[in-house]
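Presented below is the structure to which this report refers.
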2 protein chains.
Amino acid sequence: MARMPVAERRSRLLAAAFDVIARHGVAGATTRAVVEAAGMKLASFHYAFASREELLAELVAEVVDSQQVVLEVTSGSGSSLETVLELGLRSYFAQVRADPLRERAMFELTQYSIRTPGMRELAAKQYERYRSLAAESLAEAAQRTGAVWQRPLPDLAADLVVFTDGITLAWLADGDDERADRSIRFAARALAAEAVPNTDTDTDTDTDTDTGIRPPTAEHHESRSPESRSPERTRDDHRA
Amino acid sequence: MARMPVAERRSRLLAAAFDVIARHGVAGATTRAVVEAAGMKLASFHYAFASREELLAELVAEVVDSQQVVLEVTSGSGSSLETVLELGLRSYFAQVRADPLRERAMFELTQYSIRTPGMRELAAKQYERYRSLAAESLAEAAQRTGAVWQRPLPDLAADLVVFTDGITLAWLADGDDERADRSIRFAARALAAEAVPNTDTDTDTDTDTDTGIRPPTAEHHESRSPESRSPERTRDDHRA
DNA sequence: GCCGAAGTGGGTCAGTTGACCCAGTTGCGT
DNA sequence: ACGCAACTGGGTCAACTGACCCACTTCGGC
């Protein structure tokens with residue numbers, strides 16, 4: 001085993017631990033298993049970390065703030081908000097499909113920190129982080145499509161995270177790609193319905209969400225959006 | 001320790017195991033921990049179950065088909081579909097809040113079966129069951145409020161499960177009641193938007209007509225008595 | 001070149017775990 | 001009331017685990 005600075009060794013062990021956890025759960029990430037996955041000797045473990053617990057805590061913390069995106073908003077202009085959201089969710093889901101083990105490990109770590117006395121707040125922080133990333137994406141999506149969210153962004157971000165979590169979890173359990181895709185389309189539609197086009201007219205500022213929702217048969221705030229909005233994103237476009 | 005039939009012992013051990021899992025995860029549910037929670041001796045464990053693995057498999061199976069409701073639809077008529085859904089989701093969430101450990105154990109078991117080679121299909125079955133229950137609730141909600149779902153019921157049921165999972169998971173992580181409630185309102189609104197009122201004007205039904213709700217076919221109602229576990233392959237090998 | 005510290009490797013140790021054995025005991029069917 | 005199978009209790013055992021120790025290398029600064 002080559003010599004290397006402690007920092008390097010630590011991060012290699014963290015990576016190895018993540019790997020092992022994805023495959024065998026947190027409980028399966030024994031010091032020996034981790035060390036073997038990293039190609040080291042056991043003593044090196046305790047040279048780099050005071051204890052297994054320390055490794056796990058560090059791993060959760062690292063995972064929390066290395067989280068980069070929830071969903072990517074990379075759509076050409078001219079698309080509807082719903083389309084942008086749908087594409088974003090699809091690209092998120094493509095990541096999940098490409099590396100399901102990663103997601104499994106994430107859930108595993110979340111549950112571990114929920115269950116572990118000293119780490120409860122890390123789980124909460126993890127979700128805060130998700131939501132803040134989600135909020136950024138939603139803001140950008142709205143801006144690009146000239147839409148205005150009708151509810152506080154943090155709330156919508158939380159809802160988006162609900163979708164990604166729920167869809168991912170279900171897919172991890174049953175592996176049904178098409179079902180996931182249908183849920184994605186639904187999620188995009190549902191979220192898009194929480195915004196209105198920005199065309200200056202409706203400045204109602206009524207974000208009181210209690211019952212102010214219109215019946216699903218739309219045809220009602222489309223009267224004057226001359227550009228990109230397809231005139232009815234109503235019930236039937238989803239399976240045209 | 002009182003004498004009791006094997007079936008009884010098994011079910012007590014299963015209950016104890018569920019309890020331990022909720023608190024310490026599947027990995028924490030060692031034979032000794034389970035046995036202690038059940039107030040038994042270790043030997044009784046292996047008298048009732050061939051192995052810890054068998055216990056866990058049985059527990060997952062039991063949990064899957066003892067699942068009773070996803071959301072209760074108990075609203076007076078005259079309410080809107082959205083309101084009915086919202087109340088149903090609230091009552092579901094009240095259950096979660098009342099017994100978070102239970103939910104934690106459920107997620108724990110799901111993840112365990114996802115990760116365990118021979119039990120993958122049990123996880124899928126679990127979700128099927130959730131969805132079938134969700135479908136029943138949605139059908140009833142629509143029927144009571146005179147609404148017609150515009151997408152296939154199984155798809156909507158899957159979406160509902162996405163919501164409950166996502167909301168529950170987030171709440172388990174951060175314990176934010178109000179956020180959960182906002183997500184519930186959003187979920188109710190989003191789902192309600194997938195239906196149209198059935199009132200009279202339902203004549204056209206020209207496009208995609210096949211998506212109407214089907215009355216809940218009562219095909220699979222079992223009458224499993226609480227402890228009618230099959231007594232045949234219980235523990236006789238080590239004595240035969 | 002050489003010295004001390006950073007890093008390594010092999011081993012130990014006590015505690016835990018799943019499995020399982022076997023000598024008893026107890027209650028049920030008859 | 002009584003025989004015997006169902007059931008229990010108190011062990012044992014090998015494997016595994018986290019922690020940690022300490023004699024060695026090896027490298028970098030001098």
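All chains are named by letter (A, B, ...) in the order of the sequence lines, taking the proteins before the strands, and each is independently numbered beginning at 1. Nothing here was measured: the structure is a model prediction, and the numbers come from that model.
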Query raised in the report: Can you pull the side chain to side chain donor-acceptor pair (under 3.5 Å) pairs that have at least one residue in residues 168-178 of chain B, sequence neighbours excluded?
Result: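 As it turns out, the side chain to side chain donor-acceptor pair (under 3.5 Å) pairs with a partner in residues 168-178 of chain B, which skip direct neighbours, are A/Arg131-B/Asp174, B/Tyr92-B/Thr168, B/Arg97-B/Asp177, B/Trp171-B/Asp177.
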Requested in this report: Keeping to residues at least two apart or across chains, list the side chain to side chain donor-acceptor pair (under 3.5 Å) pairs with something in residues 113-127 of chain A.
Outcome: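 Matches after skipping sequence neighbours: A/Thr110-A/Gln126, A/Arg115-B/Glu108, A/Gln126-A/Tyr130, A/Tyr127-A/Asp165.
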Requested in this report: Would you mind listing every salt bridge (Lys or Arg N to Asp or Glu O under 4.0 Å) that reaches into residues 49-61 of chain A, with sequence neighbours excluded?
Outcome: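 Qualifying pairs: A/Arg10-A/Glu54, A/Arg10-A/Glu58.
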Report task. Applying salt bridge (Lys or Arg N to Asp or Glu O under 4.0 Å), name anything that partners A/Glu8, two or more places apart in sequence or on another chain. Result ->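 A/Glu8 satisfies salt bridge (Lys or Arg N to Asp or Glu O under 4.0 Å) with A/Arg12 only.
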Query raised in the report: Partners of A/Glu140 by salt bridge (Lys or Arg N to Asp or Glu O under 4.0 Å), sequence neighbours excluded?
Result: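 Checked A/Glu140 against salt bridge (Lys or Arg N to Asp or Glu O under 4.0 Å); matches are A/Arg144.
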**Report entry** Nucleotide of C/dC21, C/dG7, C/dA19 approaching A/Val6 most closely (side-chain heavy atoms)
**Finding:**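 Within the option list, the nearest is C/dG7.
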Requested in this report: For DNA chain C, find the residues of residues 19-34 of chain B with a heavy-atom distance under 4.0 Å and give them by number; none if there aren't any.
Outcome: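 The answer is B/Thr30, B/Thr31, B/Arg32.
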Without decimals, in angstroms, what is the distance between [X] [atom1] and [N] [atom2]?
X	N	atom1	atom2	answer
A/Leu13	C/dT8	CG	C1'	14 Å
A/Arg12	C/dT8	CZ	P	10 Å
A/Glu54	D/dG18	CD	C1'	14 Å
A/Glu8	C/dA6	CD	C1'	16 Å
B/Phe45	C/dA19	CZ	P	7 Å
A/Met40	C/dG9	CE	C1'	14 Å
B/Leu42	C/dG18	CG	C1'	8 Å

Query - Partner residues of B/Asp181 under the side chain to side chain donor-acceptor pair (under 3.5 Å) criterion, sequence neighbours left out - result: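 B/Asp181: side chain to side chain donor-acceptor pair (under 3.5 Å) contacts with B/Arg90, B/Arg185.
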**Report entry** Contact list for DNA chain D against residues 46-53 of chain A - heavy-atom distance below 4.0 Å
**Finding:**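 Going residue by residue through residues 46-53 of chain A, the ones with a heavy atom under 4.0 Å of DNA chain D turn out to be A/His46, A/Ser51, A/Arg52.
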**Report entry** Within residues 110-119 of chain A, residues whose heavy atoms come under 4.0 Å of DNA chain D
**Finding:**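 Residues of residues 110-119 of chain A that come under 4.0 Å of DNA chain D do not exist, since none gets that close.
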Query raised in the report: Looking at A/Val84, A/Thr83, A/Leu85, which hits side-chain contact (heavy atoms from CB on, under 4.5 Å) with A/Leu87?
Result: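 When side-chain contact (heavy atoms from CB on, under 4.5 Å) is applied between A/Leu87 and each of A/Val84, A/Thr83, A/Leu85, only A/Thr83 qualifies.
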Report task. Only counting residues at least two apart or in another chain, list the ones meeting side chain to side chain contact (heavy atoms under 4.5 Å, CB included) with B/Ala135. Result ->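 With sequence neighbours excluded, B/Ala135 shows a side chain to side chain contact (heavy atoms under 4.5 Å, CB included) to B/Leu153, B/Ala157, given in chain and number order.
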**Report entry** B/Ala57: side chain to side chain contact (heavy atoms under 4.5 Å, CB included) partners, not counting sequence neighbours
**Finding:**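 If we apply the side chain to side chain contact (heavy atoms under 4.5 Å, CB included) test to B/Ala57, skipping adjacent residues, the hits are B/Met119.
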Query raised in the report: What's the verdict on side-chain contact (heavy atoms from CB on, under 4.5 Å) for A/Arg189 and A/Phe186, showing C-alpha distance, side-chain angles and the deciding distance?
Result: CA-CA 5 Å; A/Arg189 184 170 359 139; A/Phe186 168 65; 4.1 Å; yes
Please tabulate, for side-chain N and O atoms in residues 13-31 of chain B, each donor-acceptor pair with protein atoms closer than 3.5 Å (sequence neighbours left out).
{"from": "B/Asp19", "atom 1": "OD2", "to": "B/Arg23", "atom 2": "NH2", "distance (Å)": "2.4"}
{"from": "B/Thr30", "atom 1": "OG1", "to": "B/Ala33", "atom 2": "N", "distance (Å)": "3.0"}

